[in-house]
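Because only heavy atoms are used, hydrogens play no part in the values below, and waters and symmetry mates are left out as well, while side chains stay in. Below, chains carry the letters A, B, ... as their sequence lines are ordered, and counting in each starts from 1.
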Amino acid sequence: MTATIIWTIAAITILGIVLAVVLYLVANKFKVEEDPRIDEVEKVMPGANCGGCGFAGCRAFAQSCVEAANLDNNYCPVGGNEVMKKVAAVLGLEVHEKAPMVAVVRCNGTCANRPVVNDYDGLKSCKVKAALYSGDTGCFYGCLGCGDCVSACQFGAISMDPETGLPVVDEEKCTACGACVKACPKKIIELRNKGPKNRRVFVSCVNMEKGAAARKACSSACIGCGKCAKACPFDAITVEHNVAYIDFNKCRLCRKCVVECPTGAIHDVNFPAPAPKPDKQAPKPAAKPVTPASAPAAAASPQTEASSAVKPVKPADARPAAKPEVEKKEE
Amino acid sequence: MNKLLVSPSPHIHSKTSTRSLMLDVVIALLPSVIVSVLFYGWSAVVVLASSVVFCVLLEYLITRYLMKQASTIGDLSALVTGIILALNLPPTAPWWVAMIGAVVAIGVTKMTFGGLGQNVFNPAITGRVFLLISFPAIMTTWGGAKGFIGGADAVSGATPLGIVKEGLAQGMTLDQIYAMHDFSYGQMLFANIGGSAGEISAIAIIIGFIYLLARKVIRPYITLSVLVTVAVFSGIFWLIDPTQYTDPLFNLLTGGVLLGAVFMATDYVTSPMSDKGGIIFGVGIGIITMLIRYFGSYPEGMSFAILIMNSTVPLINKFCKQKKFGRA
Amino acid sequence: MKKTFSIGGVHPDDKKISAGCAIEVLPTPKTVYISMAQHLGGPAKAVVAAGDRVKTGQVIGEPTGFISAYVHSSVTGTVKSVGLRKDLAGIPVVHVEIDVEPDEWVETADTTDTLVTEIPQDPKFIVDRIKANGVVGLGGATFPTSVKLCPPPDKKADILILNGAECEPYLTSDYRIMIEKSRQIVVGAALMKRVLGVHKVVIGIEENKPEAIAKMSEAVSSLAAGSGDYAGIEVITLKKKYPQGGEKQLIDAITRRQVKSMGLPIDVGAVVQNVATSLAVYDAVQKNRPLIDNTITVTGDCFPRQSNVLVRVGTPLSYIIDSLGGIPENAAKAISGGPMMGKAIANLDAATLKGTSSILFLTEEQTRRKPESNCIRCGRCVEACPMGLEPFLLNKLARNGMTDELEQNGVQDCIECGCCLYSCPANIPLLDSIRIAKGEVIRIIRSRTAPKK
């Protein structure tokens, strides 16, 4: 009995030792030589494998960083400057800071602004819809509302607002990876500078139709009138194909264009107070769901600038107050 | 009308739906259900009712409360599973056996994979096999049920296959066994043999088969290849030694070969898509069934054969594709 | 044994309820809007400006590029504007808007009804006339006919197939012209036969149109008796099965040759033209009349005034509908084309195009899609697919964006006939996703092969 036990223990021990040696030899034989820095870089990556950097995943990005002579062409939009600094530290390279970006939905075709004329009855996909027809409203350029951007977002930063039928970007969750930009068949979503204290001014429309047609399709469309371009002291606004565009690198957030826009197509977000109105009462867009829906609309107390920079809660701007003005104007 | 409906083409749809297909299967099962009720009486009704109720109820509860979706019982697939499971049980089985079968069929085999269309194995058969292994005594006792028609001797204590297996194991020849038990093919066709509720009448099953074919619910290839394989395989052995191996007709008419070939092997979800794949699938079932019957320890092997072949379906689907247009 | 294609197919209900309605000529509307994108390929360039006076049949749009076509004014009148207008899908396209005045044809056109049966000897003359008169394929794709009739020199056609299958339910415009203008169609076929230099012309008609088969056969035999130019033309009865009228399916049905994946009919020596195209070819060559009008079926179970109407190109759809009694109350969807492959109309103010074949109204009950449920792997889509594909698999791959696998499984062969979605018992929108994936895969294939050229 004892002999059997001893033999068993001995046999198994010997077997274990032999196999360990075999494993060691095999592991040595098939060892892949890899720069150890790749692992180190990968460790500091966000690990989302979103592909926002243009590489297949975080490891591919790390490998590219290690191989690159400098980091000018590599940027992780998800991790931003912080991660890039860490990467640079690992590799002993320098990194130039890039302004943080955020996805911006450039369509203000809410249910209220755009009368619905058709009823879609196919696969719920913007791609399918875009290939089929102009969309349910008279606007050929606007948001189709099927949420391809929502499903493209890996970070849960985009959701559809059931009230407006438009996608809403959660600025905190958005990493500017650009997946939604690629997913949108109408090219509505754009990556823009997040701006100081998350303040941005942008044209929330891409309708290239002539003024009257654009206006007919959507009450807050850009009609390409060019008033904003004239008002801009920094030459940041260009009007091409009947639609204005604000170059965020030139824009200084003075908001002269916002008050000038006759349809309320230019949006300013995260400003503590409404844009100054120089002489006349300027209309403002009827609905601007730019901040997350979780932001309490009743947050009437003005946020301090420091807190709004960290958490962009919808400031107590005068939007609700401006609402009647728009309606008055339209009547 | 004020808003025009817009959708990609096509703009019309054939009237066929999952529900209509399942309803056709239910109708095709009716002859077998009626026969089993006639011959086994109230006990068959109890088995049927409990199996169907538990299957449907379970699917409803799981979809609504576990998966938090709209209930899918409207597609009638749970009803079909319930009926087929009942037809696979002995009429004397207590209600709780049917309930356990339903839990295994719907809960384990079907819904854990994501519901209809996602399961790898046929739910009803998995349920039956589970019961067969767990409660062999209940699952192989047939006597005691009093039918609405037919005398007490209509139901014998064991299935013909069981009797044969037993007899051969005791060293008897087939002629001796037959002489003792007086089987006739007429009895087998018209429900005069012992067996689970669905096995007893070949005619009822064939009526269902013809209905399914006429309604184009199934294609005949799987069923026919199972039957032909069983006949050929047993034919060869029977010709070699008729005293030890049962003849082809006996094999076709007993032990759920027909029920399995018509209703269970042809289950859309767990059978190959192409006709070629269906033939391979059917031949596989036939061979495995006969191997189990002749050489295995169970008297019959249809359920095991179908389960085993279910697992090969993805592979068969991968290799048996339809010929594409314009590609030699 | 009646011929049909070898793989797949479905049998939707025939519903040819407007078959008995003779073609009526609809009065010209007050204003027409003529699109510059009426054909496959580059849109035409408008050569008129606001204020210009145009005659019926005058060129108002010139082709841009090899695959493109002339566009003619369908009316006499004054050009009001040239600019973007929304087509039936709501997509802005350049249209020429013309205020209509009484008809005054261009001098070159022969507007009489005399049948000209003599076939010109010179193929080039025929092709030039076809091109100059803006004839495009009227079977659905609106591919410029002159391009299709001039295959590359290394490829030679040996059979011309005239497509009279009209396999889509409801549509009857081809059926009516085959009955009412059978001789002209046969002359058109003989003209194309001369151009292609083929000896065999087959006119394929489905068995559900016995009257058209009789009329066409009679026209062929009487013309063949008069001249040797009509030898080798025959009418073949086809089994009723959708999509018989698909180009590849029709070639398969008639010649048993299968066009290779990504190939063209000419690769197997066949050229397919629609019967309506043949009629347009007749008008263009024998009468020097440009393609400015076409027969449109206006139908639907809910539409009381079934009609086959001859309308000028550029007539607003709403005008046609209103002149026939307006949109029925219970209609939910208007379709341009058949119910299987037609396009849903999003904008009824859009104008007709050369290739418009019908306006079909369907009720909510007939057309509303049922909620999607799980795939039950019944294989009906596989059985129905006339290209031998596996739509259920393609759909899964497409939803996951697996382009390599999609290509391996032949998504690029899809002809978008809709048989898969039609037959799916789980109402899975198979074709919706497959169509998009097909476009992507074809783009990838093209971009891969392009640099090699």
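- Residue B/Asp275 does not touch chain C at all, counting heavy-atom pairs closer than 4.5 Å.
- Both the backbone and the side chain of C/Leu421 come within less than 4.5 Å of a heavy atom in chain B.
- For a residue to count as touching a neighbouring chain, one of its non-hydrogen atoms must lie under 4.5 Å from one of that chain's; by this rule B/Lys15 does not touch chain C.
- In this structure, chain B has no heavy atom under 4.5 Å from any part of C/Phe5.
- Rounding to the nearest 0.5 angstrom, the gap separating the NE2 atom in B/His11 from the CZ atom in C/Arg368 is 13.5 Å.
- Closest of all the heavy-atom pairs between C/Gln258 and B/Lys324 is OE1-O, 4.5 Å.
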Item checked: Worked check of side chain to side chain contact (heavy atoms under 4.5 Å, CB included) between C/Leu393 and B/Lys321 -> CA-CA 11 Å; C/Leu393 180 65; B/Lys321 298 209 168 191; 3.6 Å; yes

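- Each of B/Gly117, B/Pro272, B/Ala70, B/Ser9 has some count of heavy-atom pairs under 4.5 Å with chain C, and the biggest count is that of B/Ser9.
- When all heavy atoms of B/Arg327 and C/Ser261 are compared, the closest pair comes out as NH2-OG, 3.0 Å.
- If you run side chain to side chain contact (heavy atoms under 4.5 Å, CB included) between B/Thr18 and each of C/Cys375, C/Ser373, C/Cys378, only C/Ser373 comes through.
- In terms of heavy-atom pairs under 4.5 angstrom with chain B, the leader among C/Gly418, C/Pro371, C/Pro339, C/Gly263 is C/Pro339.
- Neither the backbone nor the side chain of B/Arg19 comes within less than 4.5 Å of any heavy atom of chain C.
- More than 12 heavy-atom neighbours from other residues, nucleotides or ligands sit within 6.0 angstrom of OH on B/Tyr211.
- Neither the backbone nor the side chain of C/Asp13 comes within less than 4.5 Å of any heavy atom of chain B.
- Only the side chain of C/Ile7 comes within contact range of chain B, with at least one heavy atom under 4.5 Å from a heavy atom of that chain.
- Side-chain contact between C/Glu416 and B/Pro8: absent, with no pair of heavy atoms (C-beta onward) separated by less than 4.5 Å.
- Side chains of C/Lys370 and B/His13: a donor-acceptor N/O pair is absent below 3.5 angstrom, by distance only.
- Closest of all the heavy-atom pairs between C/Asn374 and B/Leu116 is ND2-O, 2.9 Å.
- For CZ of B/Arg215, the number of neighbouring non-hydrogen atoms (other residues, nucleotides, ligands) closer than 6.0 Å is 12 at most.
- Of the residues considered (B/Pro10, B/Ser7, B/Ser17), B/Pro10 shows the highest number of contacts with chain C, using heavy-atom pairs under 4.5 Å.
- Counting heavy-atom pairs closer than 4.5 Å to chain B, the top-ranked of the candidates C/Gly342, C/Gly379, C/Ala334 is C/Gly342.
- Between chain B and the options C/Ser6, C/Cys424, C/Gly337, heavy-atom pairs under 4.5 Å are most frequent for C/Cys424.
- Rounded to the nearest 0.5 Å, atoms OG1 (C/Thr367) and CG (B/Leu5) are 6.0 Å apart.
- Taking each heavy atom of B/Phe325 and C/Asp252 in turn, the nearest pair found is CE1-OD2, 3.6 Å.
- Top candidate by heavy-atom pairs under 4.5 Å with chain B, chosen from C/Met387, C/Gln366, C/Gln249, is C/Met387.
- Heavy-atom neighbours of C/Lys240 NZ from other residues, nucleotides or ligands within 6.0 Å: above the threshold of 12.
- Looking at every heavy atom in both residues, B/Leu21 comes nearest to C/Arg380 through CD2-NH2, 3.2 Å.
- Taking CZ of C/Arg377 as the reference point, atom CG of B/Asp267 lies at 9.0 Å (rounded to 0.5 Å).
- The two atoms that bring B/Ile12 and C/Pro169 nearest to each other are CD1-CG, 4.2 Å, heavy atoms only.
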